[in-house]
Amino acid sequence: MENKSHGGVDLSRRGFLKSAGGLAAGGALGQGATAAASAGLLGDGVERASGEVEIELTLNGTKRKVKVEPRTTLLSVLRHRVEPALTGTKEVCDMGSCGACTVHVDSKPAYACLLLAIDCQGKAITTIEGLAQGDTLHPVQQAFCEHDALMCGFCTPGFVMALSACLDAKPNATLDELKEACAGNVCRCGTYPHVFQAAVAAQRAKQAGGAR
Amino acid sequence: MKAFEFASPVTLDQALAELPNDVAKRDSVKLFAGGQDLLTEMKEHLVEPTKLVNLKRVPGLDRIELAPDGTLVIGCLATLGALAEHAETKNFFTCVAEAARSVGSAQIRSQGTVGGNLNQRPRCWYYRNEHAPCLKKGGTECFAYSGLNKYNAILGGGPSYIVHPSDLATALVALDAQVTLRSAKGERTMALEKFYSLPSEGDVTRETVLEPAEILTHVRVPAKSGWQSTYLKFKERGSYDFALAAVAVAVKSDGAPRTIRDARLVLGGVAPKPWNVPKAAAALVGVALGSAEGAASSKRAGELAVVGAEPLAHNAYKVPLVQGLIVKAIEALAAR
Ligand SMILES: Cc1cc2nc3c(=O)[nH]c(=O)nc-3n(C[C@H](O)[C@H](O)[C@H](O)COP(=O)(O)OP(=O)(O)OC[C@H]3O[C@@H](n4cnc5c(N)ncnc54)[C@H](O)[C@@H]3O)c2cc1C
Ligand code: FES
Ligand code: FES
């Protein structure tokens, strides 16, 4: 949107960022200092969590205990709250608009920035780090290498996760379906033609009974 | 995001007991379904609830079923992805499956739910900017009226000029869908069309008549034998986007050549609620699909559909756009 002032409102991006950052930091401090941590059933059968609570997540097949607040996103857990950090999942917009944070939740593609970690308990979460089987790359990973489907590479994990979710569910996906599968991913370097070539190559490899 | 309590009830009654009756408190407790709209609102500080009521532990709300009488019953937690892939929905309620498939991206559709889609908040950029105290946020002015209003309403606007962003709502209204609203006091059912309200009709800060203590539990779409339907959405960005304008068309036809006996036409992306235009739909009745006469009636329907349109400074393009979509949608039905 254009940075213009309407009706006396400062709609500039800088003004917005400044104030949003201030609010977020203030919120975090107040919360840590005052809130009493609690989680569990309070007699009425409703599970409640507030403050910092320990949850268990299944990340790339391994159960991991992690401390979160209800507001902590899965993306934040992956990048900042597990050791070693799973930073293959990228944070860009944090608003569900770019696809850089795409992971698989129970085999379906999802934006980790729009998932609450606490709501991911009991679900199988796969990140780019968990896609290969040992030294065998997923066909989509292999095809991205072979078709040079990246430039800076920042969007790449997201594209690979979006396309692999599609092909794992639909090995016969058409080019249009493959394009639809990664329509929610944005590449600033404009690698789309090679991405689509790689997607089609991965589809063929899968059909030919390739790696998986 | 501000801190909040996360409550996960396991029955609908428990969930209802978490909700406030008091209208003044409606934004302090929010229902959490897929979170694909709510979390973006919370990150932008447009709403800062102290409690989220997670609906996803309540079993059964995600079902999509065809009742024995052919009614399609969609639970509020059914994901858009599941609805788009549901065989009977695709076959018998085509525009609903097409609308579900048109929402956002695969990542949004895998998490986003039907209840959340129908109850999502507007995308007007003044509303979405926390620094713009617009009418929708309890302020005194709709900044879009005199500001940058390319994406705003041409029909039904005033005093707020938002357009309703839901693709699904437009398609469901075209198929005469009903919604069930549950509260601790009981249940009410109404036409989805009546669920939405214009800014001039009620509380300008809301888009629906949902009470703070209510949950939209189900959508019911009556069987429509002999009907065909389609949803056509025009996006500014091809990959994924909200509708600049959209149409849902449903026709009941018989004979050879197929003659239209009844029709529904609903516009999306042009008004603060799904814009049902029965008079325009009536112009389609009695003509054969695909005939020269049919083409003329589609144009006539387009003219009737925009009666009363009052474009703002930057959105007059929506008038011919929606008319073109109507013609194309009917052509698509004729080709099926
Ligand atoms: C990048 C992006 C693109 C998008 N594109 C589109 C698009 O093209 N078309 C479109 O229609 N939408 C779009 N959306 C909006 C939205 O995310 C989806 O429509 C989604 O379906 C919302 O569902 P949800 O379950 O995630 O809702 P939530 O975020 O969980 O809830 C949304 C609102 O509905 C309320 N609510 C949820 N369930 C119920 C219920 N059962 N009863 C009463 N109230 C309820 C919540 O309290 C909240 O206020 C997009 C969103 C993003 C982030
Ligand atoms: S960081 Fe999640 S979609 Fe952009
Ligand atoms: S390769 Fe640079 S953003 Fe896609």
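Throughout, protein chains are lettered first and strands after them, A, B, ... in sequence-line order, and every chain is numbered starting at 1. Values below: every heavy atom of this structure, side chains too, minus hydrogens, waters and symmetry copies.
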Neighbour count >12 (heavy atoms, 6.0 Å) for atom [atom1], [X]:
X: A:Lys108; atom1: NZ; value: no
X: B:Lys328; atom1: NZ; value: no
X: B:Arg101; atom1: CZ; value: no
X: B:Lys137; atom1: NZ; value: yes
X: A:Met151; atom1: CE; value: no

Rounded distance [0.5 Å steps], [atom1] in [X] versus [atom2] in [Y]:
X: A:Cys182; Y: B:Gln107; atom1: SG; atom2: CD; value: 9.0 Å
X: B:Leu39; Y: A:Thr73; atom1: CG; atom2: OG1; value: 9.0 Å
X: A:Gln121; Y: B:Arg57; atom1: CD; atom2: CZ; value: 6.5 Å
X: A:Tyr111; Y: B:Gln111; atom1: OH; atom2: CD; value: 11.0 Å
X: B:Phe6; Y: A:Arg71; atom1: CZ; atom2: CZ; value: 14.5 Å
X: A:Ser50; Y: B:Leu52; atom1: OG; atom2: CG; value: 12.0 Å

Is [X] close to chain B through its backbone or its side chain, or both, or neither, when contacts mean heavy atoms under 4.5 Å?
X: A:Asp106; value: neither
X: A:Ala181; value: backbone
X: A:Cys113; value: both

Does some side-chain heavy atom of A:Arg48 sit less than 4.5 Å from a side-chain heavy atom of B:Glu18? yes
Can you tell which of A:Val103, A:Leu116, A:Ile118, A:Asn185 has the highest number of heavy-atom pairs within less than 4.5 Å of chain B? A:Leu116
Closest-packed option against chain B by number of heavy-atom pairs under 4.5 Å, given A:Leu115, A:Asp119, A:Val105, A:Thr72: A:Asp119
Backbone of A:Ala183 reached by a side-chain donor or acceptor of B:Ser105 within 3.5 Å: no
Check whether B:Lys150 gets within reach of chain A through its side chain, its backbone, both or neither, counting any heavy atom under 4.5 Å.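 Neither the backbone nor the side chain of B:Lys150 comes within 4.5 Å of chain A.
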Can you name the closest pair of heavy atoms from B:Pro9 and A:Val46 and give their distance?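 Of all heavy-atom pairs spanning B:Pro9 and A:Val46, the closest is N-CG1, 3.7 Å.
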